[in-house]
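All values reported here derive from a predicted model rather than from experimental measurement.
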Amino acid sequence: MKLIDGKAIAAQIKKEIAEEVAKIKAAGGKTPHLAAVLVGHDGGSETYVANKVKSCEEVGFNSTLVRYEDDVTEEELLACVDRLNNDADIDGFIVQLPLPKHISETKVTEAIDYRKDVDGFHPVNVGRMSLGMPCFLSATPAGIVELLRRYEIETKGKHCVVLGRSNIVGKPVSMLMLQKAYPGDCTVTVCHSRTPNIKEITLQADIIIAALGVPEFLKGDMVKEGAVVIDVGTTRVPSSKTKSGFKLTGDVQFDEVAPKCSYITPVPRGVGPMTIVSLLKNTLLAGKKEIF
């Protein structure tokens with residue numbers, strides 16, 4: 001069993017991005033600029049956005065953080081999106097999800113200029129991805145695919161089972177694993193909360209991508225020998241063993257599943273660091289105007 005070290009790969013990619021940014025600056029080019037909009041004080045979102053800002057500094061990007069309280073109106077937030085769309089210095093920006101209940105995430109996502117949509121959530125980017133056209137790939141699926149590539153894991157002709165059908169991970173990663181490309185060329189099955197006999201399906205899988213958001217859902221008896229398991233889950237569960245009083249838990253019962261795998265991602269240090277790096281890659285592409 002080999003551990004897929006997302007943290008090490010992410011550090012390697014950051015180094016590659018930093019070198020490229022240094023060259024752009026040395027040639028008198030524009031420094032890539034990423035903006036993030038954060039509404040409220042959700043713990044997970046706060047941590048995630050803070051990591052994004054820190055990562056921007058590490059690779060030499062400029063970054064801007066725009067903050068609003070929970071009671072911001074939809075109108076105010078849409079006006080902010082419009083400002084960022086029209087700010088020539090900002091190459092890409094994200095509006096951190098989830099948003100408060102009174103704001104339509106769909107409206108906000110659609111209002112973002114797809115040429116600055118470095119999260120890859122806009123319908124134009126999602127549509128282009130499904131057609132295999134150049135686009136900003138959704139950050140977590142892009143990170144998963146990059147891990148498979150860097151570890152040279154064979155995907156052609158393999159049966160890939162995706163657990164979860166979210167717009168952010170499940171659906172896009174299933175499309176990427178289908179593409180005529182490497183990593184890709186898989187036969188893909190998508191399972192979700194309404195799928196009966198999930199265990200029968202996962203036992204046939206060469207590659208399992210677990211993105212249900214249900215802690216330790218995938219058990220040892222659901223995985224065949226030699227499978228590749230990518231754990232996307234990051235649920236905070238109470239723990240008496242940590243200072244913070246909680247620990248990050250994946251969708252895979254690691255101790256049971258790991259011994260059967262050829263490759264597996266841990267939680268933390270697996271897919272998480274790759275998500276932020278994918279966002280940086282998209283911002284670099286936006287700055288260089290390589291996609292649009």
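A 6.0 Å sphere centred on NZ of Lys25 holds more than 12 heavy atoms belonging to other residues, nucleotides or ligands. Around the NZ atom of Lys247, the shell of radius 6.0 Å holds no more than 12 heavy atoms that belong to other residues, nucleotides or ligands. Remark: Lys30 NZ is packed, more than 12 non-hydrogen atoms of other residues, nucleotides or ligands lying under 6.0 Å away. Surrounding CD of Glu152 are at most 12 heavy atoms belonging to other residues, nucleotides or ligands under 6.0 Å away. In Lys224, the NZ atom is crowded: over 12 heavy atoms of neighbouring residues, nucleotides or ligands sit closer than 6.0 Å. Counting heavy-atom neighbours within 6.0 Å of Lys2 NZ, excluding the residue itself, gives a total of 12 or less. The number of heavy-atom neighbours closer than 6.0 Å to NZ of Lys107, taken from other residues, nucleotides and ligands shown, is 12 or below.
Put simply, Val66 and Ile112 are part of the same group of oily side chains (I, L, V, M, F, W, Y) that touch within less than 4.5 Å, one to the next. Residues Ile230 and Val277 share a single hydrophobic cluster, defined by chaining ILVMFWY side chains whose heavy atoms lie under 4.5 Å apart. Hydrophobic clustering keeps Val37 apart from Leu65 (ILVMFWY residues linked when any side-chain heavy atoms are closer than 4.5 Å, directly or through intermediates). Put simply, Ile207 and Ile144 are part of the same group of oily side chains (I, L, V, M, F, W, Y) that touch within less than 4.5 Å, one to the next. With hydrophobic clusters built from ILVMFWY side chains whose heavy atoms lie under 4.5 angstrom apart, Leu248 does not share a cluster with Val271.
Atom CG of Leu163 is separated from atom OG1 of Thr195 by 8.5 Å, given to the nearest 0.5 angstrom. A distance of 12.0 Å separates CG of Leu137 from CG of Leu279, quoted to the nearest 0.5 Å. Here the straight-line distance linking atom CE of Met274 with atom OG1 of Thr265 works out to 11.0 Å at 0.5 Å rounding. Phe121 CZ to Thr106 OG1: the interatomic distance, rounded to the nearest 0.5 Å, is 12.0 Å. Put simply, CG on Leu284 and CD1 on Ile13 are 12.0 Å apart, with the number rounded to the nearest 0.5 Å. Put simply, CD on Gln12 and CD1 on Ile9 are 5.0 Å apart, with the number rounded to the nearest 0.5 Å.
Side chain of Lys158 to backbone of Cys186: no donor-acceptor contact under 3.5 angstrom is found.
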task: Output, in order, the C-alpha distance, side-chain angles, deciding distance and verdict of side-chain contact (heavy atoms from CB on, under 4.5 Å) for Leu218 and Leu212.
output: CA-CA 10 Å; Leu218 191 73; Leu212 282 166; over 6 Å; no

task: Please step through salt bridge (Lys or Arg N to Asp or Glu O under 4.0 Å) for the pair Asp5 and Arg269, ending with a clear verdict.
output: CA-CA 6 Å; Asp5 189 340; Arg269 296 181 68 98; 3.6 Å; yes

query: Should Glu58 and Ser55 be marked as a side chain to side chain donor-acceptor pair (under 3.5 Å) after you check the CA-CA gap, both sets of side-chain angles, and the distance that decides it?
result: CA-CA 5 Å; Glu58 286 172 19; Ser55 297; 4.7 Å; no

- request: Mind running side-chain contact (heavy atoms from CB on, under 4.5 Å) on Phe93 and Thr64 for me, showing each step along the way?
  value: CA-CA 9 Å; Phe93 68 96; Thr64 300; over 6 Å; no

task: Walk me through it: do Val228 and Ile208 pass the test side-chain contact (heavy atoms from CB on, under 4.5 Å)?
output: CA-CA 6 Å; Val228 175; Ile208 299 173; over 6 Å; no

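A side-chain donor from one of Thr275 and Thr140 sits under 3.5 Å from a side-chain acceptor of the other. Asp89 and His33 share a donor-acceptor pair across their side chains, judged by distance under 3.5 Å alone.
A salt bridge links Arg67 with Glu46: at least one charged nitrogen is closer than 4.0 Å to a carboxylate oxygen. Salt bridge annotation for Asp221-Lys219: absent, with no cationic side-chain nitrogen under 4.0 angstrom from a carboxylate oxygen.
For an aromatic pair to be called close, the ring centres must be under 6.0 Å apart, and Phe136 with Phe292 satisfies this.
Between His122 and Tyr114, the two ring planes are tilted [angle within 30° to 60°].
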